[in-house]
Amino acid sequence: MEERYQPELVEPKWQAYWKENHVFKVTEDPSKEKYYLLEMFPYPSGKIHIGHVRNYTIGDVVVRYKRMKGFNVLHPMGWDAFGMPAENAAIDNNTHPAAWTYDNISAMRVQLKKMGFSYDWDREIATCRPEYYKWEQWLFLKMLEKGMAYRKESYVNWCEKCQTVLANEQVEQDKCWRCSQTVQQKKLWQWFFKITDYAQDLLVHCDQLPGWPDKVTVMQKNWIGRSVGSELKFKIDGRNEDIVVFTTRPDTVFGATFMCLAPEHPLVESLSKGNKQQDEVAAFVQKVSRQERSAEGLEKYEKEGVFTGAYCINPATEQKIPVYTANFVLMEYGTGAIMSVPAGDQRDFDFARKYGLDIRIVVQPEGETLDANTMSEAYTGAGIMVNSGEFNGLDSKAAMDIMTDWLEQKGRGKKTISYRLRDWGISRQRYWGAPIPVIHCPDCGVVPVPEADLPIRLPEEANLLAKGGSPLSTLAYFATVTCPECGRQDAKRDTDTMDTFVESSWYYLRYCSPRYDDGMFDPKAVRYWAPVDQYIGGVEHAVLHLLYSRYFMRVLHTLGMIDFKEPFTRLLTQGMVCKETMTCPEHGYLFPEEAVKTADGNLVCTRCNQDVAVGRVIKMSKSKKNVVDPNELLEKYGADVTRLFSLFAAPPERDLEWSEDGVEGSNRFVNRVWRLVLEWLEKIEDSKPFAGPASDLSSEPAKALYIKANQTIQKVTEDIDKSFHFNTAISAVMELVNEMYAIDAEATDTEMKTVIRFSLENILLLLSPIIPHFCEELFERLGKTGSILEHPWPDYRKDSLKTDEVLVVVQINGKLRSKFTMGVGAKEAVIKEMALADEKIKKHMGDKPPKKVIVIIKKQTLVNIVV
RNA sequence: GCCUGGGUGGCGGAACUGGUAGACGCAAGGGACUUAAAAUCCCUCGGAGAUAAUCUCUGUACGAGUUCAAUUCUCGUCCCAGGUACCA
């Protein structure tokens, strides 16, 4: 007998077996219930890291479990292959994004195969292949045709020195990450998808996704950000023109003492024109245009604004109020203009104090009297209306509707709904992406590429460092085309590529028929497999990717291509695997292996020997280099121990700071099971597994073990099926294994052997989704034929889960004072009597009589005596 | 800033709809086996204090509250992570 489990022999053997027998290949089979499990596909960044291992192990366990439960399971894998890192790597390593990407895919595929994941590799896709993005271009054309895609001017980060567009990630404290030039904002014509058309539908269905974690639907709801309010018109003083604002607090309109416009608001320029503030306003707009536009970036800037020199008329008070432009007003939200009520909004309050503007109190909190001169902060709550003409004395909540109606009658307002959600900008001025299939003709304007010309292939030539914006625009043979409508020779192709979120918004449908050539997908295959039953991926995608995917399914639904709207029936958001970052003053971010400890305990860079700074613990990502490659673990312990350990470390939804401490324990456990099975192998050769109720067993040890084994089956099944808490499932099996180690092999009778056989077989079945190679091997040695995958998942006997005794816990004033066991099913009064008669309890109570005795008989039996 | 989570021994974590805090592991210490080592097996292991076995107090980021009973519910504070629309 081999003393130890040898993964280097066992794992390749079974991987070959699965491959030869096409165990994971699936086709549509109407006779079986389908189950589509998908893990978020990886970006091919180089090597897989522990975060991938964790994600894909979780999925693989569920897949193998479902397969044993009799489902026809689709479990595909592919590559989210377009994206910016490929361009950066190509520049840094003087290679081509495609070469870099395909090399990474090959390397990562090998790693995934070594992990023993049960993918149907025949369905593999890579989004950078024309066969894939052709259909995305096709969909773009459909959306264009239906008015779901449109063009407008919008801002990008721009580095004047590099003459290039920068992603938010490439902007570090307002500076270009390559040259440290201050980043500017540049207006470009870009394509947008009208996701806002579906804002309401996306929002209401958040409450109809019972298989999603609440936190994700809450985040999506907040992201969509529906608010009910009013659109109010403020007439511009001296002009026959209005400024329209959106407000959620129409009740405070009498308190609007000034107006703020977004710096990009079209009226800003014309309002300030000819005023003495004109230059100051222009300078301010210029200054703000250099500021970052991301939400987190905006917060870094001090809230400020300038007076435009113009006034408008408050429709309630009919008084003139000054119009400002301010950097905290967003053009994208509402109408790009806000009425400022300093008494009722903290930001407005700060602004008013800063610039000496009027504060007019219109809502008084009950039982208090605010004074505009002395108040130190805005009062944002509800209260009684004051200084509001005929509405004084009203409750402010009731006033909202009443005042909006009043303004509507005056033609100055109406009720409206506003969403925070913005349309999805999909144009990217980058090379490594799917070209947008549109031609710009000087005569015909925007002309869609004829469907027959699809795919518009990405040219092989990659001018990544070309100056002036989109790399593709520098390739004349690509950029200049004949107009398909009028035949003009000098029409221009759109040289932008699509956001990579477009690819990931529909790839799960492509997996249903990955080689289909007549459309995005084969409708028959999608009808069978879709939607995805269980989706698993990092919680960092809670909003963008998951919302875009939901949107895309609505688009396809509207186009009549599918008959469902929600892509993912159940969602498991896995916590992130985190690790500290390390930076060297010279070489920037370092991989873990690039920092070594010196004799005096300092961390230094392996290349320059300078001290390394240890940063915060954040999610693993290639760009921050805080990644751990699983190869070392794989080589030392094999795939199964790596899988077991990554699951045992924490429940899936929890974030995890990566540490390898503890992997020895997983390895030890695997070997404990190995020895346990081999030790019993011959002794139980002729025994059949026991199958009756526990009450049929004559010996107490046999009964106890049988009950424990049944409890374990129940626990593991529920942990996998209901909560995905694999760590506690593994603990439960460990407990059973520990009990089996306590059995005296010499003093074992025939009956016991049948229970041992039952327990061992079930241990292997229960562990097989987690450590499949190992279990296949031992199952075979137990004399079973075929793959363990083909065996049904075990059932437990409901009549064999409980022992005849129950533990009674006795507390006095909530503190544990005594415990005893008694026969199961005792009446409340008997338990109470026993508890009061207990020696320890008597001692504790002395001669004080109990005020109250509470007896709980649920899962626990507990008595609490209140003295 | 805003939205969403999280915080339990030296460490990873457990405790199901409020009911024995620390399951299962790791690390550490002690012991057995061995010529020795590895492997394996057994014991101890939140803190403080008293003891012959045993017992008492205290303890789930911090501060309040609700309750017979709070890691769990409510309010407030601190810290950490994710997202924040061009990282994927």
Side-chain angles (χ1 to χ4, degrees), chain A residues 3-4 40 42-43 45 80 82-85 88 156-157 165-171 213-216 218-219 221-223 225 293-300 328 332 347 420-430 499-501 504 538-545 547-548 573 575-576 578 616-619 621-624 648-651 653-657 659 661-666 668-669 671-672 675 718 722-723 725 727-728 730-735 738 741 807 809-816 819 840 851-854 856 858-867:
Chain A
E3 276 289 308
R4 297 192 61 78
M40 290 178 185
Y43 178 77
S45 58
D80 188 12
F82 275 140
M84 197 176 58
N88 295 330
V156 292
N157 300 311
V165 174
L166 298 173
N168 288 341
E169 198 190 41
Q170 297 172 311
V171 180
D214 288 342
K215 62 173 171 184
V216 176
V218 168
M219 275 190 267
K221 282 192 227 173
N222 290 333
W223 183 261
R293 315 195 81 71
S294 66
E296 58 177 322
L298 276 177
E299 293 303 327
K300 295 186 302 216
F328 57 84
E332 291 91 352
R347 201 170 47 186
R420 207 185 70 97
L421 182 69
R422 307 201 297 258
D423 277 338
W424 176 11
I426 59 142
S427 292
R428 296 291 179 273
Q429 297 69 37
R430 276 193 267 283
D499 179 8
T500 57
F501 276 123
S504 56
V539 65
E540 68 270 25
H541 295 287
V543 178
L544 293 179
H545 162 59
L547 190 65
Y548 291 146
T573 48
M576 279 145 306
C578 300
R616 298 180 310 148
V617 176
I618 58 171
K619 74 163 171 170
S621 85
K622 191 78 184 293
S623 61
K624 302 282 190 293
F648 189 55
E653 66 274 16
R654 182 111 140 201
D655 288 348
L656 189 60
E657 185 181 343
S659 155
D661 295 348
V663 66
E664 279 298 341
S666 295
R668 222 169 275 157
F669 171 66
N671 278 292
R672 252 168 98 75
R675 290 193 309 273
E718 284 175 3
K722 295 203 173 78
S723 61
H725 282 189
N727 57 332
T728 49
I730 295 164
S731 300
V733 181
M734 284 175 168
E735 285 185 40
N738 288 346
Y741 261 89
L807 179 73
V809 173
V810 191
Q811 300 176 328
I812 295 176
N813 290 337
K815 277 186 184 158
L816 174 70
K819 323 177 207 188
K840 283 186 195 155
K851 277 188 203 148
K852 194 166 158 192
V853 179
I854 292 154
I856 306 288
K858 283 195 262 176
K859 286 213 168 166
Q860 300 82 1
T861 304
L862 177 142
V863 182
N864 190 17
I865 301 162
V866 187
V867 181

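In the text below, chain A, chain B and the rest are named by the order of the sequence lines, each starting its count at 1.
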Under-3.5 Å N/O pairs linking protein and nucleotides 50-53 of chain B:
none

Determine the interatomic distance between P on B:rU54 and the same-named atom on B:rC45; round to the nearest Å. 11 Å
Paired nucleotide for B:rA15 [Watson-Crick or G-U wobble; both distances under 3.5 Å]: none
Over all strands shown, is A:S623 touching base, sugar-phosphate only, or nothing at heavy-atom distances under 4.0 angstrom? nothing
Interatomic distance at C1', B:rC78 relative to B:rU20, whole Å: 31 Å
So, is A:R668 near the phosphate of B:rA27, with a side-chain N or O under 4.0 Å from OP1 or OP2? yes
Tell me: CD of A:E540 to C1' of B:rG83, nearest whole Å? 9 Å
When rounded to the nearest Å, what value does the distance between P atoms of B:rA38 and B:rA27 take? 13 Å
Base of B:rG7 relative to its sugar, syn (within 90° of 0) or anti? anti
Given 3.5 Å as the limit, does a donor-acceptor pair link the side chain of A:R420 with the main chain of A:W223, or not? yes
Scanning all shown strands, the Watson-Crick or wobble mate of B:rA81 with both distances under 3.5 Å is B:rU4
Look at A:R428 and B:rC86 and indicate whether a side-chain polar atom (N or O) is within less than 4.0 Å of OP1 or OP2. yes
Respond yes when some side-chain nitrogen or oxygen of A:R4 is under 4.0 Å from OP1 or OP2 of B:rA38, and no when none is. no
Who is the Watson-Crick or G-U wobble partner of B:rC26, with both distances under 3.5 Å? B:rG10
Establish, with yes or no, whether the OP1 or OP2 oxygen of B:rU58 is under 4.0 angstrom from a side-chain nitrogen or oxygen of A:K815. yes
May I ask you to evaluate whether A:N727 reaches the phosphate of B:rC24, defined as a side-chain N or O under 4.0 Å from OP1 or OP2? no
B:rC86 and B:rC11, which share atom name P, separated by this distance in whole Å: 41 Å
OP1, OP2 of B:rA69 versus side-chain N and O of A:K852: anything below 4.0 Å? no
Which value, in whole Å, describes the distance between the P atoms of nucleotides B:rC41 and B:rG59? 38 Å
Taking atom P in both B:rA28 and B:rC33, what distance in whole Å separates the two? 22 Å
Looking only at atom C1', what distance separates B:rG6 and B:rU60, rounded to whole Å? 14 Å
Residue matched to B:rC86 through Watson-Crick or wobble contacts both under 3.5 angstrom: none
Please measure how far the P atom in B:rG18 lies from the corresponding atom in B:rC73, and state the result in whole Å. 8 Å
Calculate the interatomic distance between A:E735 atom CD and B:rA14 atom P; express it in whole Å. 14 Å
Does B:rC41 have its OP1 or OP2 closer than 4.0 Å to a side-chain nitrogen or oxygen of A:R675? yes
So which nucleotide does B:rU40 pair with, by the Watson-Crick or G-U wobble rule with both distances under 3.5 Å? B:rA32
Out of B:rG13, B:rU84, B:rU20, minimum distance to the side chain of A:L807 belongs to B:rU20
Within the structure, does a side-chain N or O atom of A:R616 lie under 4.0 Å from either OP1 or OP2 of B:rA81? yes
Which part of the nucleic acid, if any, lies within contact of A:N864, taking any heavy atom under 4.0 Å across all strands shown: a base, the sugar-phosphate backbone alone, or nothing? base
Are the side chain of A:D655 and the backbone N or O of A:M576 linked by a donor-acceptor pair below 3.5 Å? yes
Using the side-chain heavy atoms of A:T728, tell me which of these nucleotides is nearest: B:rA14, B:rU20, B:rG25. B:rA14
Classify A:F669 by what it touches in the nucleic acid, base, sugar-phosphate, or nothing, heavy-atom distance under 4.0 Å. nothing
If pairing requires Watson-Crick or G-U wobble contacts with both distances under 3.5 Å, which nucleotide is the partner of B:rG76? B:rC62
Any idea which heavy atoms bring A:G83 and A:Y43 closest together, and the distance? O-OH, 3.8 Å
Can you tell me which nucleotide in B:rC3, B:rG19, B:rC55 comes closest to the side chain of A:N222? B:rC3
Give one of base, sugar-phosphate or nothing for A:A542, where a contact means two heavy atoms less than 4.0 Å apart. nothing
Do A:R672 and A:N738 meet the criterion of a side-chain donor-acceptor pair at a distance under 3.5 Å? yes
Determine whether a donor-acceptor pair (N or O, by modelled atom type, separation under 3.5 Å) exists between the side chain of A:K622 and the backbone of A:S45. yes
Considering just the side-chain nitrogens and oxygens of A:R654, establish if one lies under 4.0 Å of OP1 or OP2 belonging to B:rG13. yes
Pairing nucleotide - B:rA48, Watson-Crick or G-U, each distance under 3.5 Å: B:rU56
Within this structure, what is the CD-to-C1' distance between A:Q860 and B:rA14, rounded to whole angstrom? 14 Å
Looking at A:R420, does any N or O in its side chain come under 4.0 Å of the phosphate oxygens OP1/OP2 on B:rC2? no
Between A:K622 and B:rA88, is there a contact of a side-chain N or O with OP1 or OP2 at under 4.0 Å? no
